[in-house]
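Working notes for the structure below.
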Amino acid sequence: MAAEPTAHELLRKHRPTLDQALEAIRTRAYWSPHPEHPKAYGENGSLDAAAGKAAFDALLGNRLDLADQPGVDDWVGGEVSPYGIELGVSYPHPDIDVLLPAMRAGQRAWRDAGPELRAVVCLEILKRISDRTHQFAHAVMHTSGQAFMMAFQAGGPHAQDRGLEAVAYAYAEQVRTPEQAEWTKPQGKRDPLVLTKRFTAVPRGIGLVIGCNTFPTWNGFPGLFASLATGNAVLVKPHPRAVLPLALTVRIARDVLAEAGFDPNLVALAAERPGEGIAKTLALRPEIRIIDYTGSTAFGDWLETNAHQAQVYTEKAGVNTVIVHSTDDYQGMLSNLAFSLSLYSGQMCTTPQNLLIPRDGIATDQGHKSFDEVTADLARAVDGLLGDNARANALLGAIVNPDVKARLEAAAGLGEVALASREVTNPEFPDAVVRTPVIVKLDGAKPDDEAAYMSECFGPVSFVVAVDSAADAVELLRRTVREKGAMTVGAYTTDAATEQAVEEVCLEEAAQLSLNLTGGVYVNQTAAFSDFHGSGGNPAANAALTDSAFVASRFRMVEVRREA
């Protein structure tokens, strides 16, 4: 086979990394092969900062070709950066009646390649993406509105880690069953029954990745690589405001697949015309057997209800809650919460929304603090963190779309404003919409306030909710997670009984919990290979990034038996 030398080289190059990833998911310890610092790039074929920016600039105003992807019937585009720049990039629009059959054609050879070769091909794709991290950072920044450093890290190495993590889980699950077994059953005085059994991991079909606007690579890579590594072709349908990062991903994947001797149409792009709504059409096609989706609850529920032919993995919306009961590091708590509320203008599915605080106040290392004092001190902490405009721009990024801005402006009318949002000017991008968070006081005992704090208000909006006691806070937490879901839960308490009660709620309602964070780790951040993003056990998401359940249903084991 012509591909054998390439396969051998890929195995030699990437098998050690795969082994390290397998060890990392086993131990849950810190590990990453992808550097977080921009200065780490520029050698061994990777682009440095200047080359990455030049590579991004070269894309603007041009067509992004995808190595003869079949079924192209038009060119579409229209992305406008949240920082005010028209990208002007156009992408191939698919005739899906042509593209989907072409994607299926290469699956047999990809299936027969086996789990190990598929894994190292995926790792080569990730390596080439990593080499272009600086280019991807600008692409993520100018489609999501993330500030550059966050786009560099979350859209680059952290996303690549999540993709590699998915490959590791996919490989581990596929090789759990041996490729071949000799089966002998004694028959007493008669000759034993002897069979040779061969087991093959077979793909479900074509996987559809429906991308999101805010984290196109971080949320897109796990499903893409989980499906590809388990033998499936993958069709990537980006969010229309965030096509570029995933289109670059598809282009790199197609190049690697072709060089390794496989059909490049195993990975393809489905860019859409404005208002076309191609995701619904694709989701119901019989060829689509796996769907990965991140976005609104309404469309996630629609997929789960209607896409019966597919295994559907959704990350939707939730109401993330923090209980503030007591602390032995008051300033550390305030600083940690202020950063969590401010990062990327709260446009993360893990950002805290509701802070439940006893109306009688909390015990701290600085003495008793009333509800109003805690609220005012938190407001001052956020204001102090974002008081310098340069630092504010570096943390906040830009508001990703007009809907977030509208929710932010409406939130001030929901209750007493503890911290008003203010406009921040970005001197480099004067057309960017940058706003600091708003903090609104609500009362957990008032039915009129419940409609606000029991609904997700995605963006830089937080509610401090007065509750009667720690027990009431715990019960409100339980009801919130059970009814609305949560990607994250936080709690601050020095009381063992309260801590145990919060932990028990999170175990029963399947919510990921962070306790007493006062340093440089925040409730809205998760680390690949160690932290689970979501649990799949509450309404916020039906899957976790990344665990065995996220990959195991993307393939099936088929057995062939022969008499020996």
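- One N or O on the side chain of Q347 and one on the backbone of V400 form a donor-acceptor pair closer than 3.5 Å.
- For R273 (side chain) and V76 (main-chain N/O), no donor-acceptor pair under 3.5 Å exists by modelled atom type.
- Residue pairs meeting the salt bridge (Lys or Arg N to Asp or Glu O under 4.0 Å) criterion with at least one member in residues 526-535: none, sequence neighbours excluded.
- In the model, E276 has a side-chain atom that pairs as donor or acceptor with a side-chain atom of H93 under 3.5 Å.
- Cation-pi contact between R28 and F532: present, with separation from the ring centre below 6.0 Å and deviation from the ring axis of at most 45°.
- Around CD of E483, the count of heavy atoms belonging to other residues, nucleotides or ligands within 6.0 Å exceeds 12.
- The main-chain N or O of T488 is found under 3.5 Å from a side-chain atom of N320 such that the two form a donor-acceptor pair.
- Side chain of T133 to main chain of S130: a donor-acceptor pair is present (N/O by atom type, distance under 3.5 Å, no hydrogens or angles).
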* Verify side chain to side chain contact (heavy atoms under 4.5 Å, CB included) between L99 and L235, making sure each step is shown before the conclusion. => CA-CA 9 Å; L99 179 58; L235 180 59; 3.8 Å; yes
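- In this structure the side chain of N354 never reaches within 4.5 angstrom of the side chain of L477, judged on heavy atoms.
- Closest heavy-atom contact between P35 and P157: O-CG, 3.4 Å.
- Remark: E23 engages R26 in a salt bridge, criterion side-chain N to carboxylate O under 4.0 Å.
- In this structure, the separation between OG1 on T351 and CE on M487 is 11.0 Å, given to the nearest 0.5 Å.
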* Go through E165 and R162 one step at a time and tell me if the salt bridge (Lys or Arg N to Asp or Glu O under 4.0 Å) criterion holds. => CA-CA 5 Å; E165 180 184 40; R162 282 296 185 190; 2.7 Å; yes
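- Atom CG in L224 sits 7.5 Å away from atom CG in L246 (nearest 0.5 Å).
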* Asked: Could you go step by step and tell me if E86 and L60 meet the side chain to side chain contact (heavy atoms under 4.5 Å, CB included) rule?
  -> CA-CA 8 Å; E86 288 192 17; L60 303 182; over 6 Å; no
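- Ring to ring, F299 and Y293 are close: their centroids are under 6.0 angstrom apart.
- Counting only heavy atoms from C-beta outward, the side chains of V209 and S227 never approach each other to under 4.5 Å.
- In terms of heavy atoms, V250 sits closest to L269 at CG1-N, 4.0 Å.
- To the nearest 0.5 Å, the span separating CG on L385 from CZ on R391 amounts to 5.5 Å.
- In terms of heavy-atom proximity, G459 sits nearest to V404 at CA-CG1, 3.9 Å.
- Ring pair F148/F152 is tilted by interplanar angle, where 30° to 60° counts as tilted.
- The six-membered or imidazole ring of F429 lies near that of H142, with a centre-to-centre distance under 6.0 Å.
- Under the 30°/60° scheme for interplanar angles, the aromatic rings of H138 and F56 are found to lie parallel.
- A donor-acceptor contact shorter than 3.5 Å is absent between the side chain of S345 and the backbone of I399.
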* salt bridge (Lys or Arg N to Asp or Glu O under 4.0 Å) between D57 and K53: does it pass, once the steps are laid out? -> CA-CA 6 Å; D57 289 341; K53 178 62 164 58; 2.9 Å; yes
* To do: Determine, stepwise, if the pair K484 / E456 fulfils salt bridge (Lys or Arg N to Asp or Glu O under 4.0 Å).
  => CA-CA 8 Å; K484 303 297 180 179; E456 188 199 29; over 6 Å; no
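- Using a 4.5 Å heavy-atom cutoff, the side chains of Y453 and V319 are not in contact.
- At a threshold of 4.5 Å between non-hydrogen side-chain atoms, the residues L341 and L378 count as touching.
- The two atoms that bring L266 and L228 nearest to each other are O-CD1, 4.3 Å, heavy atoms only.
- For the pair Q146 (side chain) and G397 (backbone), a donor-acceptor distance under 3.5 Å is absent.
- Between C457 and Q353, the closest side-chain pair of non-hydrogen atoms falls below 4.5 Å.
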Taking distance alone, no hydrogens or angles, what donor-acceptor pairs closer than 3.5 Å link side-chain atoms of residues 512-523 to residues at least two apart or in another chain?
| residue | atom | partner | partner atom | Å |
| --- | --- | --- | --- | --- |
| Q512 | NE2 | G534 | O | 2.8 |
| N516 | OD1 | T493 | N | 2.9 |
| N516 | ND2 | T493 | O | 3.2 |

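- In this structure, the side chain of T436 engages the main chain of R422 through a donor-acceptor pair within 3.5 Å.
- When all heavy atoms are compared, the tightest approach of N219 to E315 is ND2-OE1, 3.1 Å.
- Nearest approach of A398 to Y344, heavy atoms of both residues: O-CE1, 4.2 Å.
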* Might you work through the salt bridge (Lys or Arg N to Asp or Glu O under 4.0 Å) test for K127 and D131, ending with a clear yes or no? => CA-CA 6 Å; K127 173 64 169 63; D131 287 345; 2.8 Å; yes
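- Contact annotation: the side chain of S462 never approaches that of L419 to less than 4.5 Å [non-hydrogen atoms, C-beta and beyond].
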* Asked: side chain to side chain contact (heavy atoms under 4.5 Å, CB included) between L282 and I210: does it pass, once the steps are laid out?
  -> CA-CA 10 Å; L282 289 169; I210 303 175; over 6 Å; no
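- Here the options are Y313, Y169, F225, the test is ring pair (Phe, Tyr, Trp, His ring centres under 6.0 Å), and the partner is F550; only Y313 passes.
- Distance CD1/I25 to CD/Q20: 13.0 Å, rounded to 0.5 Å.
- Checked by atom type, the side-chain pair Y91/Q69 shows no donor-acceptor distance below 3.5 Å.
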* To do: Could you go through the side chain to side chain contact (heavy atoms under 4.5 Å, CB included) check for T249 and V236 one step at a time?
  => CA-CA 9 Å; T249 301; V236 178; over 6 Å; no
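- Side chain of R204 to backbone of S553: a donor-acceptor contact under 3.5 angstrom is found.
- A heavy-atom distance below 4.5 Å is found between the side chains of L64 and L248.
- For the pair E509 (side chain) and G537 (backbone), a donor-acceptor distance under 3.5 Å is absent.
- Counting only distance, with no hydrogens or angles, the side chain of T217 and the backbone of G155 share a donor-acceptor pair below 3.5 Å.
- For the atom pair L257 CG and I252 CD1, the distance stands at 12.0 Å (nearest 0.5 Å).
- Note that the NZ atom of K316 and the CG atom of N538 stand 9.5 Å from one another [nearest 0.5 Å].
- Under a 4.0 Å N-O distance rule, the pair D292/R554 qualifies as a salt bridge.
- Residues L164 and T17 form a side-chain contact, since some pair of their non-hydrogen atoms from C-beta on lies under 4.5 Å apart.
- The pair R407-D403 does not count as a salt bridge, with every side-chain nitrogen at least 4.0 angstrom from each carboxylate oxygen.
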